[in-house]
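The block underneath contains the structure these notes are about, expressed in structure tokens.
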Amino acid sequence: MSYFIVGYYALLIGASCLAAFYQKRGVFLILFSLTLISFIVGIVGGESSLWFITLCAAALALAAGTSFAFREFLVIVLPTELSKAVKTAPLTAAFGLFVIMTYAIAGVFAPIIAPFGEAEVISSAFAPADENMILGADQLGRDLFSRLVYGARNTVGLALTATICAFLLGAVGGMLAATIGGWFDQFMGRLVDVIMSVPSLIFALLLLSIFGTNVAILVIIIAVIYAPRVFRLTRAVAGNVVVMDYIEAARLRGEGTFYLIRREILPNSTAPLIAEFGLEFCFVFLLVAGLSFLGLGIQPPTADWGSMVRENATLISFGEITPLFPAAAIALLTVAVNFVVDWMLYRSSGLKS
Amino acid sequence: MKQDQDVLLQIEDLRIEGYSDEKWIEIVHGVDLTLKRGQVMGLIGESGAGKSTIGLAAMGFARDGCRISGGSIEFDGMELTTTSESDRRALRGSRIAYVAQSAAASFNPAHKLIDQHTEAPVHYRIRKRMESQEDAMQLYERLRLPNPQEIGFRYPHQVSGGQLQRAMTAMAMACRPDLIIFDEPTTALDVTTQIEVLAAIRDIVDQFNTAAIYITHDLAVVAQMSDVIKVLLKGNEVEEADTETMLKSPKEDYTKSLWAVRSFQRDEKKRPENTQPIMSVQNVDAAYGPVKVLQDVSFDVYPGMTVAVVGESGSGKSTTARCITGLLPPTSGKIVANGMELPPSYKQRTKDQLRQAQMIYQMADTALNPKVRICDIIGRPAAFYGGLKGTKLKSRVDELLDLIELEPSKYYHRYPPELSGGQKQRIGIARALAAEPSFIICDEVTSALDQLVAEGILKLLDRLQRELNLAYMFITHDLATVRSIADEVVVMKEGRVVEQGPKGEMFTPPHHPYTDLLLSSVPEMDPNWLTTVLEERGVDNIGEAANV
Amino acid sequence: MSGVLSIVLKRLGLGLLTLLIISILIFGAVEMLPGDMAEAVLGQGATAENLAALRAQMGLDQPAPIRYLDWLSGAVVGDFGISAVSGASVAETIGPRFRNTLFLAAYAAVIAVPVAIILGVVVALLRDTLFDRVANVATLTSISSPEFFLGYILILYLSVKTGMFPAIAKLNDGMTFFELLDRTFLPALTMVLVVVAHMMRMTRASIINLLASPYIEMARLKGTPAWKVIVKHALPNAWAPIINVIALNLAYLITGVVLVEVVFVYPGIGQLLVDAVTKRDFPVVQACCLIFAATFILLNLAADVGAILTNPRLRHPK
């Protein structure tokens with residue numbers, strides 16, 4: 001038995017005892033069940049699996065620490081009202097904000113951060129990592145790290161543009177439908193029902209097969225496919241506002257539709273709409289990634305996470321984790337946005353009651 | 001020790017906390033309560049007073065997000081705060097029962113009424129299933145439900161609101177409990193239905209000598225139902241006394257303010273001669289889709305006069321307002337303003353026609369956009385109709401704020417959620433005034449407010465009427481309001497005008513039978529009111545009627 | 001019952017109408033091609049004879065409405081025409097692959113549905129505890145991961161590194177059922193991971209929503225024991241949301257299968273669709289899209305009808 005195993009269990013059991021002593025029920029339950037799980041996993045998988053658990057725990061601890069520090073940082077930096085909100089944010093939300101900020105920086109400053117160009121061939125195919133290339137090279141000998149950084153600009157940029165288009169289309173439609181009502185509302189509702197009765201990926205594939213794949217068409221197609229979701233939500237949110245007496249008062253005053261939307265409805269629907277924007281982004285982002293993975297998204301040599309996974313997929317069968325990096329980059333951002341959205345939804349539902 | 005045995009429920013220093021904004025906040029701050037066997041205690045207070053929370057605590061129950069954090073609750077010698085949850089649960093339904101505010105939502109839609117009725121007695125092995133069904137039918141009969149043999153076999157959505165509330169009272173009685181908590185059981189009902197339910201509840205509680213806690217915000221109702229009244233304010237007790245004493249000589253200022261009978265009363269004005277009505281509703285019919293909601297409604301409103309439109313929910317009084325404003329174009333008939341016929345839909349009316357008729361709403365919360373500043377709320381009509389800008393607009397807003405007795409410098413930049421209910425209602429009035437109208441529709445403007453605040457609003461409206469020669473159409477179900485401010489009264493029922501005339505005539509008999517029913521169904525502060533009314537109607541005791 | 005029947009019939013009619021509109025949409029979309037289908041398939045280097053031959057073969061000389069009716073009447077009886085690329089019958093190409101896809105989806109569903117519903121209910125009952133929060137983070141993470149990420153992780157750890165399961169889901173004739181299950185375990189597991197997360201969250205939300213109803217509080221205030229509150233008072237009202245969750249996720253399984261099939265090189269309809277899109281084989285694309293859309297609409301329809309049939313208010317009209 002190695003020192004590592006002895007230390008591992010000693011630490012876990014010691015920590016559980018401490019937690020139990022200080023009546024931290026939740027902490028104790030986690031630690032002790034982790035100990036029990038470690039017994040089983042350790043016997044089945046040997047020392048390496050315990051290392052794996054340790055690494056996971058360390059990664060979690062690091063993430064938690066970063067989130068905590070970042071939250072404190074935000075509380076200090078942000079103006080009073082925002083910082084009050086951030087103060088009560090769970091660590092997951094702080095983690096999400098941190099990740100989103102990191103991605104934003106990577107995307108905006110990609111040419112400065114990336115050591116090489118996105119299409120620059122600098123070594124042999126699948127060259128292993130060295131001091132020049134921290135993650136090694138891809139199937140054409142391009143620096144994987146640089147392409148990952150540029151991917152933040154291309155993939156996220158595309159998804160963001162498409163989301164904004166879908167959002168504008170859906171939100172304006174939803175607001176108009178709620179405010180005007182009548183046949184327009186009915187018609188839009190039916191139209192949206194029809195579009196939403198085709199699965200989005202399938203719809204995207206159909207349209208892409210016809211119109212071909214270039215970035216502008218991609219954006220338009222995604223906007224058309226996802227606008228109905230936004231429409232439904234906006235229609236519902238604005239529908240709740242439209243029945244308020246202050247809207248009736250404004251109507252009876254003789255105000256126009258545009259005034260009603262801009263001054264009366266919009267200020268009362270921002271919170272759910274922002275959360276929806278986040279959710280929408282996740283859907284669009286996953287669809288864009290999926291399409292690129294299928295070879296129907298952003299075309300090479302532009303760096304794009306989805307297609308990077310596909311191009312390097314063969315490495316998986318050699319036990320390499322390189323192709324997982326771009327996939328993980330997609331997952332991480334989606335998780336981060338979801339964490340933030342989750343917090344915002346929780347806040348808005350909590351504030352209502 | 002005889003005295004102690006007589007006490008059924010003894011609550012001491014009860015503290016309850018609620019969870020909000022990630023921390024526990026105390027919402028009930030040390031309330032004491034003693035209830036004897038067979039006694040009925042009324043818990044009264046505004047929303048947020050903690051009435052329901054205390055009522056549920058008497059069952060040893062706290063809603064999700066609430067917890068009992070201190071004090072003791074002793075029910076028949078058993079300390080509820082320290083006993084096990086299973087012991088507490090064994091009390092619920094068997095010895096302490098609960099009647100909820102909304103019976104429609106509180107009956108499980110998936111089961112028949114009688115199956116929900118028999119659940120507790122069968123569970124507690126008090127009665128067998130069949131016996132319990134028999135018992136349910138008898139209780140239904142005592143509560144004067146129609147078809148007592150059959151009604152239990154219906155599903156909740158197949159039964160009307162007033163009947164459901166009585167069925168729920170029957171369900172609470174199923175195990176013959178020692179204590180029943182009534183949580184605003186008649187709040188959601190109309191006055192004419194309310195009186196039946198009140199009578200049914202009072203008699204059955206009387207007959208079985210059940211103790212009860214009756215929670216309500218309606219003083220007149222609590223005066224009928226309870227032996228003792230306890231007044232609550234923001235989780236604190238204000239005072240407690242037996243009903244007679246409490247009604248005659250309340251001690252605390254807050255209670256006095258609640259009790260204050262409308263002192264404001266205005267003499268009836270006569271119609272001005274040789275003038276045409278400022279707003280005239282002529283033979284109006286209206287419908288929502290295929291459903292006819294108004295039939296042949298006609299009445300006139302003259303300058304400087306107040307017409308009160310009275311009726312229960314569904315009588316069409318608000319619909320009439322919607323027809324006048326043009327939100328619901330009438331299917332036939334005319335709306336005539338100052339001798340000129342208005343286009344049926346507000347969309348076709350001119351800016352000036354829209355300006356002439358303004359509206360003040362019942363719920364100031366939904367009538368003012370929470371995200372718009374006071375200055376913009378009031379300023380918008382002035383800018384929109386009068387074209388005022390810059391300093392002129394500001395001085396007009398200041399003038400309006402002065403008019404509604406709110407200090408301009410203090411309120412100019414505020415948002416509605418920062419204001420109290422009465423202040424919000426004043427802002428609503430100012431917004432209507434900003435358009436410089438000649439006719440204002442007041443839709444239940446005082447019914448969501450406390451008595452004193454409501455009176456302030458009525459006085460303000462009266463003053464404005466005199467100063468600006470405004471005509472009001474006052475929609476209300478509250479006859480006290482009608483007495484104080486109206487010049488003429490219109491009584492509506494099921495979309496038709498039943499009776500109309502000057503106030504003095506309307507309040508002196510003989511009445512149309514419906515007006516009579518409506519007037520007599522509105523609860524009064526007199527504790528004997530319910531008994532008197534029932535006697536007058538020829539039913540003195542429901543229980544006796546059932547026993548015959 | 002007649003009230004319910006007419007509502008169900010109305011809903012069925014609406015479903016059929018939607019399907020019809022979708023078929024027009026799918027057919028019409030291809031009509032919007034610059035040039036026509038033959039040009040798109042053969043590309044720039046096509047000779048006039050080739051084009052003409054293909055046009056004749058695909059019946060492109062007819063006007064669009066007639067071709068649509070032809071196509072639709074064929075589709076109803078399972079005849080989707082001839083592949084523009086291989087010349088083989090579309091129905092024959094799709095048939096076995098559709099079966100494979102259905103098998104994979106069913107495999108995943110059989111595991112995912114019970115697990116997700118049980119876990120969802122458990123999480124709802126334990127809401128706001130530590131377990132609930134961990135489950136929340138875990139399900140969010142799972143939902144947020146693209147299918148191919150989960151798929152490759154499973155390949156890496158359960159196949160390449162440990163060799164427990166095959167990485168490539170190649171199917172041969174004459175495989176035993178057990179072999180089939182073993183071959184398709186990883187793709188099925190990938191889908192299970194995503195779907196369970198979705199379903200758990202939806203189940204949790206609808207159960208919590210249900211438990212907040214006044215009649216549940218009333219049941220508790222009548223002294224009903226906790227298990228009976230759930231079984232007798234919550235469950236009869238929970239069918240509609242649960243059916244809804246299941247149907248939505250089955251629909252998701254049917255379409256989410258596209259990416260998973262590509263990752264595991266599984267011979268299903270999803271992979272076929274992707275191939276057809278890259279090769280611009282429009283008859284196949286149209287057929288696949290119609291099949292996917294029809295499945296999706298049918299499942300949504302089933303959810304709505306289920307909700308109507310289990311609604312006590314509709315079952316016992318006034």
Side-chain angles (χ1 to χ4, degrees), chain A residues 71 75 81 83-94 175 179-184 186 237-274 343 346-353, chain B residues 18-23 63-65 318 321-322 324-328 345-373 376-378 380-385 415-417 424 427-428 431-432 434-435 437 441 443-445:
Chain A
R71 187 172 68 187
V75 169
E81 284 216 356
S83 84
K84 226 190 245 169
V86 171
K87 218 176 217 167
T88 55
L91 279 185
T92 47
M175 295 263 173
T179 323
I180 298 174
W183 67 268
F184 180 74
Q186 293 278 327
V237 171
N240 285 337
V241 179
V242 160
V243 296
M244 293 290 174
D245 290 336
Y246 54 82
I247 302 292
E248 189 183 303
R251 282 203 172 142
L252 289 179
R253 203 185 302 144
E255 303 280 7
T257 310
F258 181 67
Y259 174 90
L260 282 177
I261 291 180
R262 193 172 56 92
R263 298 298 302 275
E264 307 276 357
I265 301 176
L266 203 54
N268 288 291
S269 358
T270 36
L273 285 186
I274 291 174
W343 167 55
Y346 177 80
R347 256 176 68 84
S348 62
S349 72
L351 290 178
K352 257 186 231 153
S353 62
Chain B
Y19 193 74
S20 67
D21 283 343
E22 313 265 317
K23 55 181 179 287
R63 288 212 166 104
D64 285 340
S318 292
R322 288 172 66 83
I324 295 174
T325 53
L327 280 167
L328 181 74
S345 165
Y346 73 96
K347 288 175 188 160
Q348 297 144 3
R349 296 186 186 172
T350 64
K351 238 178 172 180
D352 198 54
Q353 285 168 335
L354 290 172
R355 183 185 67 75
Q356 288 287 337
Q358 290 293 312
M359 183 128 178
I360 307 171
Y361 296 85
Q362 174 181 10
M363 308 297 289
D365 281 325
T366 62
L368 305 179
N369 190 336
K371 298 284 167 89
V372 179
R373 288 176 197 279
D376 294 324
I377 290 177
I378 303 179
R380 179 67 190 175
F384 187 75
Y385 295 122
Y415 287 97
K424 278 184 226 172
I427 300 296
R431 177 175 60 189
I441 298 172
D443 188 358
E444 304 267 13
V445 285

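Computed from heavy atoms alone, side chains included, the values below leave out hydrogens, waters and symmetry copies.
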Measure distances from [X] to the heavy atoms of chain A and classify the residue's part below 4.5 Å as side chain, backbone, both or neither.
{"X": "D376(B)", "answer": "side chain"}
{"X": "R431(B)", "answer": "side chain"}
{"X": "A435(B)", "answer": "neither"}

How long is the straight-line distance from [atom2] of [Y] back to [atom1] of [X], given to the nearest 0.5 Å?
{"X": "E248(A)", "Y": "Y346(B)", "atom1": "CD", "atom2": "OH", "result": "9.0 Å"}
{"X": "I360(B)", "Y": "D245(A)", "atom1": "CD1", "atom2": "CG", "result": "12.5 Å"}
{"X": "L252(A)", "Y": "Q358(B)", "atom1": "CG", "atom2": "CD", "result": "8.0 Å"}
{"X": "E255(A)", "Y": "L354(B)", "atom1": "CD", "atom2": "CG", "result": "10.5 Å"}
{"X": "D365(B)", "Y": "M244(A)", "atom1": "CG", "atom2": "CE", "result": "9.0 Å"}

| In terms of heavy-atom contacts, does CD of Q186(A) have more than 12 from other residues, nucleotides or ligands at under 6.0 Å? |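 No - once you tally the heavy atoms of other residues, nucleotides and ligands closer than 6.0 Å, there are 12 at most.
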| query | Heavy-atom count around F184(A) CZ within 6.0 Å, excluding the residue itself: above 12? | reply |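 More than 12 within 6.0 Å, yes.
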| request: Validate the cation-pi geometry between R380(B) and Y259(A): distance from NZ or CZ to the six-membered ring centre under 6.0 Å, angle to the ring axis within 45°. | output: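 Pair R380(B)/Y259(A) counts as cation-pi.
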| request: Ignoring hydrogens and angles, tell me if any N or O in the side chain of Y385(B) forms a donor-acceptor pair with the backbone of R253(A) under 3.5 Å. | output: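 Here the side-chain-to-backbone pair exists.
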| field | Check: E264(A) main-chain N/O paired with N369(B) side-chain donor or acceptor under 3.5 Å | value |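 Checked: pair present.
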| task | Would you name the heavy atoms of Y246(A) and P370(B) that are closest together and state the gap between them? | result |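 Taking every non-hydrogen atom into account, CE2-CD, 3.7 Å.
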